[in-house]
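All values below come from the heavy atoms of this structure, side chains included, with hydrogens, waters and symmetry mates left out. Below, chains carry the letters A, B, ... as their sequence lines are ordered, and counting in each starts from 1.
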Number of protein chains: 2
Amino acid sequence: MERSTRQRTAIRQVIEAAGRPLSTQEILDASQVSVPGLGIATVYRNIKALLEAGEIDLVTLPGENPRYEQAHQKHHHHFQCTRCQRVFDVFSCPGSFKGMAPPGFEVERHELTLYGRCPDCA
Amino acid sequence: MERSTRQRTAIRQVIEAAGRPLSTQEILDASQVSVPGLGIATVYRNIKALLEAGEIDLVTLPGENPRYEQAHQKHHHHFQCTRCQRVFDVFSCPGSFKGMAPPGFEVERHELTLYGRCPDCA
DNA sequence: TTGTATGCAAAGCGTTTGCAGTGAT
DNA sequence: ATCACTGCAAACGCTTTGCATACAA
């Protein structure tokens with residue numbers, strides 16, 4: 001990631017402006033507004049570069065294709081709307097869940113996904 | 001799902017005997033022990049039939065290919081070993097997580113995945 | 001000028017489907 | 001004898017990669 005191109009700038013700004021995890025298709029569609037002709041391969045290559053640079057985070061929800069969001073520092077979870085399918089950040093967490101697993105299992109970390117209606121769809 | 005074939009019987013028994021969610025490849029490998037020549041398409045078709053019949057449940061963990069397990073009645077979660085990658089059932093749950101989402105969001109259900117070392121790998 | 005970054009098309013990988021042949025009833 | 005089921009291969013959707021060209025430095 002050594003050069004600053006129109007494509008990379010557009011992709012970075014789209015993810016930054018979203019405020020929620022976006023799919024590759026959402027990133028492509030939004031980026032093509034400012035860069036018509038942008039190819040999906042370029043989106044994938046830049047996503048990989050931005051991930052490696054630590055600028056964005058991978059968000060993998062159960063049964064969903066990967067999404068990407070601006071890198072957060074703090075631990076958080078996600079909420080998916082069952083109507084519009086969009087994903088939102090949730091910055092609260094019930095705890096570590098150590099002791100929830102049966103004896104002999106050592107819990108190191110956890111992933112929590114909430115499902116329901118977002119404010120727009122409620 | 002009207003006929004009882006060697007293939008279907010083998011697949012059903014493999015899932016039943018596992019006691020944990022299996023991937024399609026694990027199901028194929030284990031089923032081929034008793035039914036050599038079994039094709040992957042048959043595994044997929046039977047998985048779909050068993051799902052529709054309610055005999056097995058779909059388990060989708062973040063970033064993982066689908067797994068399948070014998071249908072449980074009770075609410076539960078999953079634990080994935082970070083070393084052997086296997087997935088185990090966890091029959092405890094901290095609660096409903098309602099109120100964890102920001103105002104305006106209505107939580108209907110949740111998915112929780114724990115990660116760490118299983119007894120074999122600890 | 002140099003070589004990274006891009007666009008296109010082909011290739012990969014897991015999953016689904018079409019089709020002719022197999023086998024449970 | 002039927003026709004649901006199977007195996008094989010082609011098709012699919014998403015992601016990655018090869019290659020020639022474009023453009024940032």
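Under the side chain to side chain contact (heavy atoms under 4.5 Å, CB included) criterion, A/Pro94 pairs with A/Phe97, A/Leu112, B/Phe97, B/Met100, sequence neighbours left out.
Atom pair B/Leu28:CG and C/dG14:C1' shows a separation of 13 Å (rounding to whole Å applied). At whole-Å resolution of the value, CG in B/Asn65 and P in D/dG13 are 18 Å apart. Computed from coordinates, the B/Ile47 CD1 to D/dC5 C1' distance equals 16 Å when rounded to whole Å. Computed from coordinates, the B/Ile27 CD1 to C/dT15 P distance equals 10 Å when rounded to whole Å. Atom pair A/Arg12:CZ and C/dA5:P shows a separation of 11 Å (rounding to whole Å applied). Rounded to whole angstrom, the span from the CD atom of A/Gln32 across to the P atom of C/dG7 amounts to 9 Å.
Among residue pairs with one or both ends in residues 51-62 of chain A, those qualifying as side-chain hydrogen bond (donor to acceptor under 3.5 Å, both in side chains) are A/Arg12-A/Glu55; sequence neighbours excluded. Counting only residues at least two apart or in different chains, salt bridge (Lys or Arg N to Asp or Glu O under 4.0 Å) contacts with residues 108-122 of chain B comprise B/Arg86-B/Asp120, B/Arg109-B/Glu111. Residue pairs satisfying the salt bridge (Lys or Arg N to Asp or Glu O under 4.0 Å) criterion with at least one member in residues 20-46 of chain B, sequence neighbours excluded, are listed as follows: B/Arg20-B/Glu26.
Between B/Asn46 and the phosphate of D/dT6, there is a side-chain N or O to OP1/OP2 separation shorter than 4.0 Å.
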Item checked: Sequence-aligned protein contact record of nucleotides 16-25 of chain C, with B where the base is within under 4.0 Å of a protein heavy atom and S where only the sugar-phosphate is -> BBB----BBS
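In the hydrophobic clustering, where aliphatic and aromatic side chains (Ile, Leu, Val, Met, Phe, Trp, Tyr) are joined below 4.5 Å either directly or transitively, B/Val43 groups with B/Met1, B/Ile11, B/Val14, B/Ile15, B/Leu22, B/Ile27, B/Leu28, B/Val35, B/Leu38, B/Ile40, B/Tyr44, B/Ile47, B/Leu50, B/Leu51, B/Ile56, B/Leu58, B/Tyr68.
Classified by interplanar angle (parallel below 30°, tilted 30° to 60°, perpendicular above 60°), the ring pair B/His110/B/His77 is tilted.
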